[in-house]
Amino acid sequence: MTATPQLTMADLVPLLFGHAAFQQLNAACELRLPEFLHERPGSTRDEIAKELELPDRSAAVLLLGTTSLRLTVKRGDGYTNASIVEAAFDDGTWTNLRDIVEFQARIAYAPAAEYTASLRAGENLGLRHFPGETRDLYSRLAGTPGLEELFYKGMNSWSRISNPVLIDGVDYSGVRRILDIGGGGGLNAIALVTAHPHLRVTVLDRPGALEVAEHNIRESGLADRIDTHPADIFDDEYPGGYDCVLFAHQLVIWSPPQNRALLAKALRAVDPAGRVLIFNAFSDDDGAGPLYTGLDGVYFTTLPFESSTIYPWQAYEGWLDECGYAAHRRITVGGWTPHGVVEARPTAVPASG
């Protein structure tokens, strides 16, 4: 086992100034510095200041920030994007990353100041930054013009970045019909049927959420392979006839008793020879990381629901055992986010040979 390097005083700099580091990143995105350097690599500070319509001093402060954070690279008098930023342009993920930065800036950042109070109270007190009396973020955003759209744009971008494990890591050769519980805008359904043409998917969610899904399904031209089913994921039974039930980014929202209830309902709905898939971020079983989940815990504590948590893998496996599932396994494909899939089966899979 490799020893974990000890924290040094120098390591405290990004912790003490973490808020400032994010503001440098956010300013670069809002001012579209990466886009300009993608089109004009090697531009000087004067050229950047002119293009971004900044005073010279402001351009100097911004470029010092982005370069010290290694988002930009200075060679002589010219600046270029870091190679990882250019790679994001090349593979099409830069737009997703920019959407996530905007999500953090406009939805998650100010409520994060309520983290300590939320820990003490055991409540998501970051909600006070959004008008309303309900106790969840989703209904509050619905009453704030523009923010609900921004929220789902950010969530969709997270899905696109984390989707490879769901799309490529799972073997769908024995699957024909998937029930996507709480499938929201239908993004995962669209990605699944696009990558696996033999699949049909039903998105189950509240009628309001399905309006977005139905629009996206029509726009994608996949209405013949994706349909919708209006229902409350807790109060209504799930329709049968599916050989796969999917929970994508759902079970991080709810409490352990609620998750057990949802998994029990899925067990009743899925075909005996089928499977249930749990797709989201997972924390390590030893409680030591990864860093992504440790930091994302601030958002989950201050905003979505009172009980929202990034659970460890073993928590899901325990719930599945309690609900009577016969087998389960973990699926990962690597990557910089800690997303994975727990695949559970109602009945044991016979050994091959």
Side-chain angles (χ1 to χ4, degrees), residues 8-113 146-147 149-164 187 191 219 290-292 295-296 298-299 334-339:
T8 68
M9 292 303 295
D11 294 329
L12 291 179
V13 173
L15 300 179
L16 290 170
F17 295 97
H19 65 292
F22 176 77
Q23 294 303 338
Q24 293 284 11
L25 171 62
N26 184 50
C29 290
E30 286 194 20
L31 294 167
R32 303 186 72 80
L33 173 62
E35 284 80 359
F36 176 63
L37 292 180
H38 179 64
E39 295 296 329
R40 298 266 304 276
S43 294
T44 66
R45 190 177 79 190
D46 289 344
E47 291 168 336
I48 292 168
K50 181 179 179 181
E51 175 66 23
L52 273 53
E53 300 181 343
L54 295 176
D56 180 69
R57 173 183 171 277
S58 298
V61 173
L62 174 66
L63 290 167
L64 174 61
T66 59
T67 304
S68 63
L69 288 168
R70 296 180 292 170
L71 296 168
T72 53
V73 178
K74 187 175 187 290
R75 295 187 178 93
D77 292 331
Y79 293 84
T80 60
N81 284 324
S83 58
I84 194 171
V85 175
E86 282 300 310
F89 277 103
D90 293 341
D91 67 17
T93 59
W94 175 253
T95 299
N96 302 137
L97 291 170
R98 194 181 63 220
D99 289 345
I100 291 167
V101 171
E102 185 181 9
F103 173 95
Q104 294 291 92
R106 295 183 56 194
I107 292 179
Y109 203 86
L147 279 191
E149 179 182 354
L150 171 62
F151 175 85
Y152 284 110
K153 184 171 71 170
M155 290 296 100
N156 288 345
S157 289
W158 271 125
S159 290
R160 291 188 180 96
I161 287 173
S162 59
N163 259 347
L187 181 70
E219 290 292 306
L291 178 61
Y292 175 113
L295 299 181
D296 207 19
V298 176
Y299 165 76
W336 66 274
T337 72
H339 289 80

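Being a predicted model, the structure only gives us computed values, none of them experimental. Position 1 is the first residue of the sequence, and the numbers go up from there.
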(message) Please evaluate residues Thr72 and Leu33 with respect to the criterion side chain to side chain contact (heavy atoms under 4.5 Å, CB included), reporting the C-alpha separation (whole Å), side-chain torsions for both, the decisive distance (0.1 Å), and the verdict.
(response) CA-CA 9 Å; Thr72 53; Leu33 173 62; 4.2 Å; yes

(request) Just do the side chain to side chain contact (heavy atoms under 4.5 Å, CB included) check on Ser58 and Leu62 with the steps written out, would you? (result) CA-CA 6 Å; Ser58 298; Leu62 174 66; over 6 Å; no

(request) Give the intermediate values and the outcome of side chain to side chain contact (heavy atoms under 4.5 Å, CB included) for residues Arg45 and Tyr79. (result) CA-CA 8 Å; Arg45 190 177 79 190; Tyr79 293 84; 4.3 Å; yes

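Taking 4.0 Å as the cut-off between side-chain N and carboxylate O, Glu51 and Arg40 do not count as a salt-bridged pair.
The two atoms that bring Thr80 and Gly42 nearest to each other are CG2-N, 3.4 Å, heavy atoms only. In terms of heavy atoms, Ala49 sits closest to Ala59 at CB-CB, 3.7 Å. Nearest heavy atom pair, residue Gly154 against residue Ile100, reads O-CG1, 4.2 Å. Heavy-atom minimum distance, Lys74 versus Gly76: NZ-O, 2.6 Å. The minimum heavy-atom distance linking Val61 with Gln24 is given by the pair O-NE2, 3.9 Å. Considering every non-hydrogen atom in both Val73 and Ala82, the closest pair reads CG2-CA, 4.1 Å.
Side-chain contact between Ser43 and Leu37: present, with at least one pair of heavy atoms (C-beta onward) separated by less than 4.5 Å. Looking only at side-chain heavy atoms (C-beta outward), Trp158 and Asn96 stay at 4.5 Å or farther from each other. You'll find the side chain of Phe89 reaches within 4.5 Å of the side chain of Asn81, heavy atoms only. Within the 4.5 Å cutoff, the side chain of Leu31 has no heavy atoms near those of the Phe36 side chain. At a threshold of 4.5 Å between non-hydrogen side-chain atoms, the residues Pro290 and Trp336 do not count as touching. Counting only heavy atoms from C-beta outward, the side chains of Thr337 and Ile161 approach each other to under 4.5 Å.
Taken to the nearest 0.5 Å, the OG1 atom of Thr66 stands 7.5 Å off from the CD1 atom of Ile48. Rounding to the nearest 0.5 angstrom, the gap separating the CG atom in Leu187 from the NZ atom in Lys153 is 14.0 Å. Considering CG of Leu150 and CE of Met155, their distance stands at 9.5 Å, rounded to 0.5 Å. Summarising the geometry, atom OG1 belonging to Thr95 is positioned 9.5 Å from atom CZ belonging to Arg160; distances are rounded to the nearest 0.5 Å.
Counting heavy-atom neighbours within 6.0 Å of Asp77 CG, excluding the residue itself, gives a total of 12 or less. Heavy-atom neighbours of Gln23 CD from other residues, nucleotides or ligands within 6.0 Å: above the threshold of 12. The 12-atom threshold is not exceeded at CD1 of Ile84, counting heavy atoms of other residues, nucleotides or ligands nearer than 6.0 Å.
Donor-acceptor pairing under 3.5 Å is recorded for the side chains of Thr93 and Asp91. Side-chain contact annotation: Asn156 with Ser159, donor-acceptor N/O pair under 3.5 Å absent.
Of the possible donor and acceptor atoms, one in the side chain of Ser68 sits under 3.5 Å from a partner among the backbone N and O of Gly65.
The aromatic rings of Tyr292 and His339 sit perpendicular, their planes meeting at an angle over 60°, well past the 30° parallel limit.
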